[in-house]
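To find a chain, count down the sequence lines: A is the first, B the second, and so on, and within it residues start at 1.
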Protein chains: 2
Amino acid sequence: MAVTMRDVAILARVSPKTVSNVVNDHPNVHPDTRARVQQAIAELGYRPNHSARGLRSGRTGVIGLAVPELKQAYFAELADAVIAAAAKRGLSVIVGQLGGDREHEIELLTHGLPQTDGLLFSPERLGTEDRDLLAYVDFPLVMLGEWIFGGPTDHVTMHNVSAARAAVEHLISLGRRRIAVIGAHPDDETRQLGPSNLRIQGYREALAAAGIEHDPRLERVVAPWHPEDGADAARRLIDSGLEFDAIFTLTDALALGALRALGEAGRVVPDDVAVIGFDNIAISHLTVPSLSSVDPGRAEIAETAVGMLAERIEWGAGSSRPARLHKAAFDVIVRESSGGTGSGTLGSSGRQSGAAAQTLNG
Amino acid sequence: MAVTMRDVAILARVSPKTVSNVVNDHPNVHPDTRARVQQAIAELGYRPNHSARGLRSGRTGVIGLAVPELKQAYFAELADAVIAAAAKRGLSVIVGQLGGDREHEIELLTHGLPQTDGLLFSPERLGTEDRDLLAYVDFPLVMLGEWIFGGPTDHVTMHNVSAARAAVEHLISLGRRRIAVIGAHPDDETRQLGPSNLRIQGYREALAAAGIEHDPRLERVVAPWHPEDGADAARRLIDSGLEFDAIFTLTDALALGALRALGEAGRVVPDDVAVIGFDNIAISHLTVPSLSSVDPGRAEIAETAVGMLAERIEWGAGSSRPARLHKAAFDVIVRESSGGTGSGTLGSSGRQSGAAAQTLNG
DNA sequence: CAGCGGATTTACTACGTGGTAATCAGCGCT
DNA sequence: AGCGCTGATTACCACGTAGTAAATCCGCTG
């Protein structure tokens, strides 16, 4: 059996409670006593029992992170950043994969993840119509992404509209006029605030601002957002015979597929078709040609989300503070696929900073 | 305060212990009683308190997975598979990132991850010289990868030697004779069983078996194994003026960089240089050209490792069963970078099955 | 109808920790 | 010396669960 406070207490000739006080850095412990206890702790190799601590205090020191799939690069990088941010605060992270299963997502929202103090949740299938679910959530929760917007819950997200707009404006600045967009989501009629709709909105705004006529046929619906889907969409676009000189894909994963499909069809990127993605996943600067993208500020998102969740946990279950919304700053990263350099050194790229980070309360 | 067994017991007019028996599917509970209790559980929305359960039973139902970095595609996909395999068994997974920090790795091995019943550990910096550490491990542990081989610990790994050999034999079968290898590890003089050494060994075996002279200058040392490093190594290889008509990179990440570097230098893949990687990460079939690779059997590795760990947890701390070693079956996936097709549909590829899975006891 | 054995249920308790409140030691002051 | 005060330490208990062993119930046998 493991070493307990009791064992330490006996060796240090104090009560278990004094050991507890030392471990928890309570004031009013005599320096000599503290030293003696610490000595005993070291000698016995005592480690606090987290289950017991959890039972007594109601905290586990573990937070949950729920994503669709870790094998999607975007979520892997998000998880990486979240785990790093949590570690800074002494929190561990249980990662759950929901695999785009709506039932699981609803179940998760009603019960939370066992063993955790709170949840960071990046849903895929929930929409505005599920907003009511949030009213009954009785554990600390921070949503990543914004499609259940306006509920009583904290949200950390990105500047989907303005970032998408900036990406398309970049394409326009290259002189492109027939700009296709791949990734509109079939569900999004009912999900006005889904990321796909917001990015599409940014796309339309950019066109409108530049006085470019909007051709609905250039908005390509596709789901889910795997590279294969991007390739399929690009092929259908090519086969459609529609003229186009640029593609904005709503994610980098889609762009990877699109790049392949364009290559197979003999369209040269960026000469014939400029391409820009969204997410700035790690491989995007390694594709051939390297992929321009929008960096949504992943580290900032993770840091902020973990911070908000830690605060909610700190405040306790009862407190009903107002929901907050944070949008991370973004960058447009120009690489070869839209005429940037970036061949010489893999890291080089043009960079256009977008809207500053902003946090709203209310 | 949350609903407890006590509350359920009162409502169902039974003792708390009976509720516990129902929850834990004990035999010898009268069907009527069971139904009444389940009714009460549903009515109150009772959920077991995992901390209390953990305290009482000594089990948390959580396992740890420690990897260098989740943002490396290989580890993200591994984590994906591990989480899925754990979920099948009702286990949650806390993911820890050690970032290639040797101190952290040693600390982890001495204390385990808090809040967990056991650990799956894929170290980066530990070597054969750290084997002694394993003697003092007092928690269930399964190592992923084999460089601390021969200790008292279960290992789940891949057929590094024969898989690498198969990859190189494939290149040879294309008629290539000047085959470079990128990824030899500088530390591996002292780590005879590091994956890099084992894969290099497979490379040499393949050359020897084919009667091809071994040119040490074609073995390129590089560390760490990020794509940038692969690009650097490939550039140095090109600049060296050495003649070569194929490259075997010890990981796909290195291959991604190598593909870029070759493209920049005007070498056409696979006509001038055939390339094959190792790991079969998801993007490898999306690169241009798509990347041939060795699929190390990730799902099998994850499944087996979680199974072994679950068994060790089941057996309890005291039992000192013999260490086991499992090597997953592998496949050589032939894609465009070594002359395969795979352009039409993204998924298509040649496939050559390697050694069957094998498990050794002792 | 007492008695038996297995099925079912229960009382009691400990798991390791930390909050509460009580106790105790030491010190300055009257 | 006696008092009150602060700092330091402690006894006691509860958190929610599940193991142990004892108690109770039920159907049947002799």
Tell me the interatomic distance from [X], atom [atom1], to [N], atom [atom2], rounded to whole angstroms.
| X | N | atom1 | atom2 | answer |
| --- | --- | --- | --- | --- |
| A:Arg6 | C:dA14 | CZ | P | 11 Å |
| B:Gln115 | C:dG16 | CD | C1' | 13 Å |
| B:Arg59 | C:dC15 | CZ | P | 18 Å |
| A:Asp7 | C:dT17 | CG | C1' | 13 Å |
| B:Met5 | D:dG19 | CE | P | 10 Å |
| A:Arg13 | D:dT9 | CZ | P | 13 Å |
| A:Ile10 | D:dT10 | CD1 | C1' | 15 Å |
| A:Leu55 | D:dG16 | CG | P | 7 Å |

Exercise: identify the closest heavy-atom pair between [X] and [Y]:
| X | Y | result |
| --- | --- | --- |
| B:Leu65 | B:Val93 | CB-CG1, 3.8 Å |
| A:Ala302 | A:Ala85 | O-CB, 4.1 Å |
| B:Pro114 | B:Ile94 | O-CD1, 4.3 Å |
| B:Leu70 | B:Phe75 | CD1-O, 4.0 Å |
| A:Met308 | A:Val156 | SD-CG2, 3.8 Å |

With rounding to the nearest 0.5 angstrom, report the CD to OG1 distance, A:Gln38 to A:Thr33.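 Rounded to the nearest 0.5 Å, the CD-OG1 separation comes to 11.0 Å.
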
Is there a donor and acceptor pair, one atom on the side chain of B:Arg56 and one on the base of C:dA14, closer than 3.5 Å?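 Such a pair exists between side chain and base.
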
Check A:Glu311 with A:Arg324, please: is the shortest side-chain N to carboxylate O separation under 4.0 Å?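 The answer is yes: the pair qualifies as a salt bridge.
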
When you check the gap from the basic side-chain N to the acidic O, do B:Asp117 and B:Arg312 get nearer than 4.0 Å?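 Looking at B:Arg312 together with B:Asp117, the answer is no, because their closest N to O distance does not fall below 4.0 Å.
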
Does anything in residues 36-51 of chain B reach DNA chain C, meaning a heavy atom under 4.0 Å, and if so which residues?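 The stretch gives none, as no residue of it lies under 4.0 Å from the strand.
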
With the side chain of B:Lys17 defined as its heavy atoms from C-beta on, choose the nearest nucleotide among D:dG16, D:dG19, C:dT20.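 Of the options given, the side chain of B:Lys17 lies nearest D:dG19.
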
C:dG16 phosphate, OP1 or OP2: any side-chain N/O from A:Arg53 under 4.0 angstrom?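 Looking at the OP1 and OP2 atoms of C:dG16, neither is under 4.0 Å from any side-chain N or O of A:Arg53.
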
Closest-nucleotide mapping onto DNA chain C: is A:Ala52 or B:Pro16 further toward the 5' terminus? I mean the 5' end.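 In this pair, the answer is B:Pro16.
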
Suppose we screen for salt bridge (charged side-chain N to carboxylate O under 4.0 Å, His left out). Which residues come up paired with A:Arg298, at least two apart in sequence or across chains?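 By the salt bridge (charged side-chain N to carboxylate O under 4.0 Å, His left out) rule, A:Arg298 matches A:Glu77.
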
Sub-3.5 Å pairs of nitrogen or oxygen atoms, protein against nucleotides 7-9 of chain C:
unit_1, atom_1, unit_2, atom_2, d
C:dT9, OP1, B:Thr33, OG1, 2.2
C:dT9, OP2, B:His30, N, 3.0

May I ask you to say what B:Ser20 touches in the nucleic acid, namely base, sugar-phosphate or nothing, with a heavy-atom cut-off under 4.0 Å?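 Since a base atom lies under 4.0 Å of B:Ser20, the category is base.
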
